[in-house]
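For reference, the structure is listed below as structure tokens.
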Amino acid sequence: MTSSPSNTYEKIYQLVQCIPAGSVATYGDVAHEVDTSPRVVGNALHANPDESTIPCHRIVNHRGALAPHFAFGGFPEQQRRLESEGVAVMASRVDLTKYRHRFHK
DNA sequence: GCTATGACCTAAT
DNA sequence: AATTAGGCCATAG
């Protein structure tokens, strides 16, 4: 097969863009889908801070909060975006039990 | 090709 | 509850 070596990031971007509005996903879930480690997922998003193409605000950590290193508008901006899509943010966190998007099933 | 780094995760202290 | 340590994998120098 003619597989490119750097397909990892591509898969991550595809999966992130596949997340519907009003839902969030954790780095670990995405990592499990693309069969890689959560670190690569975070690195992939940071390497491509293209919010116009990749809704990074829908990616949260396993606690339901975005990474403290968010380099765009900061927590307020990110929170505004999530609420704008129908996700309730409480204490800079979202209820993973409610908004956690499932790729499988 | 080895070393260092990173938007993480989990467990132990 | 907060901090430390280890694991993880891909990219950059």
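For the numbers below, each heavy atom of this structure counts, side chains included, while hydrogens, waters and symmetry mates do not. Chain letters run A, B, ... following the sequence lines, proteins first, then strands; residues in each count from 1.
The listed nucleotides are C:dC9, C:dT11, B:dC9; the one nearest the side chain of A:Y9 is C:dT11. Among C:dC9, C:dT11, B:dC9, the nucleotide with an atom closest to any side-chain atom of A:P38 is B:dC9.
In this entry the distance linking CG of A:N48 with P of B:dA7 reads 14 Å, nearest Å. Summarising the geometry, the separation between CG on A:L45 and C1' on B:dA7 is reported as 7 Å, rounded to the nearest angstrom. Rounded to a whole Å, the CG atom of A:L15 is 21 Å from the P atom of B:dA7. Atom CD of A:Q78 is separated from atom P of B:dA7 by 16 Å (rounded to the nearest Å). If you measure from atom NE2 of A:H46 to atom C1' of C:dC9, you get 17 Å, rounded to the nearest angstrom. One can place CG of A:N43 at 11 Å from P of C:dA10, the figure rounded to the nearest angstrom. Rounded to a whole Å, the CD atom of A:E10 is 15 Å from the P atom of C:dA10.
The two residues A:A47 and A:Y9 have their closest heavy-atom pair at CB-CE2, 3.8 Å.
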Stepwise side-chain contact (heavy atoms from CB on, under 4.5 Å) check, A:N61 with A:L66: CA-CA 6 Å; A:N61 59 20; A:L66 201 80; over 6 Å; no
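Residues from residues 16-32 of chain A placing a heavy atom under 4.0 Å of any atom in DNA chain C do not occur.
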Let me check something: any side-chain donor-acceptor pairs from residues 11-20 of chain A under 3.5 Å, sequence neighbours excluded? List them with distances.
residue : atom : partner : partner atom : Å
A:Y13   : OH   : A:A44   : O            : 2.8
A:Y13   : OH   : A:N48   : OD1          : 2.9
A:Q17   : NE2  : A:T53   : O            : 3.4

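Ion pairing between A:R102 and A:D29 fails under the 4.0 Å rule for side-chain N and carboxylate O. With respect to the salt-bridge test (charged N to carboxylate O, under 4.0 angstrom), the residues A:R80 and A:E83 do not qualify.
For an aromatic pair to be called close, the ring centres must be under 6.0 Å apart, and A:H101 with A:F103 satisfies this.
The side chain of A:H62 contributes an N or O atom lying less than 4.0 Å from OP1 or OP2 of B:dC9.
Positionally, the nearest nucleotide of DNA chain B for A:V40 lies more toward the 5' end than for the other of A:V40 and A:R63.
Looking at A:V89 and A:R93, their side chains never come closer than 4.5 Å, going by heavy atoms from C-beta outward.
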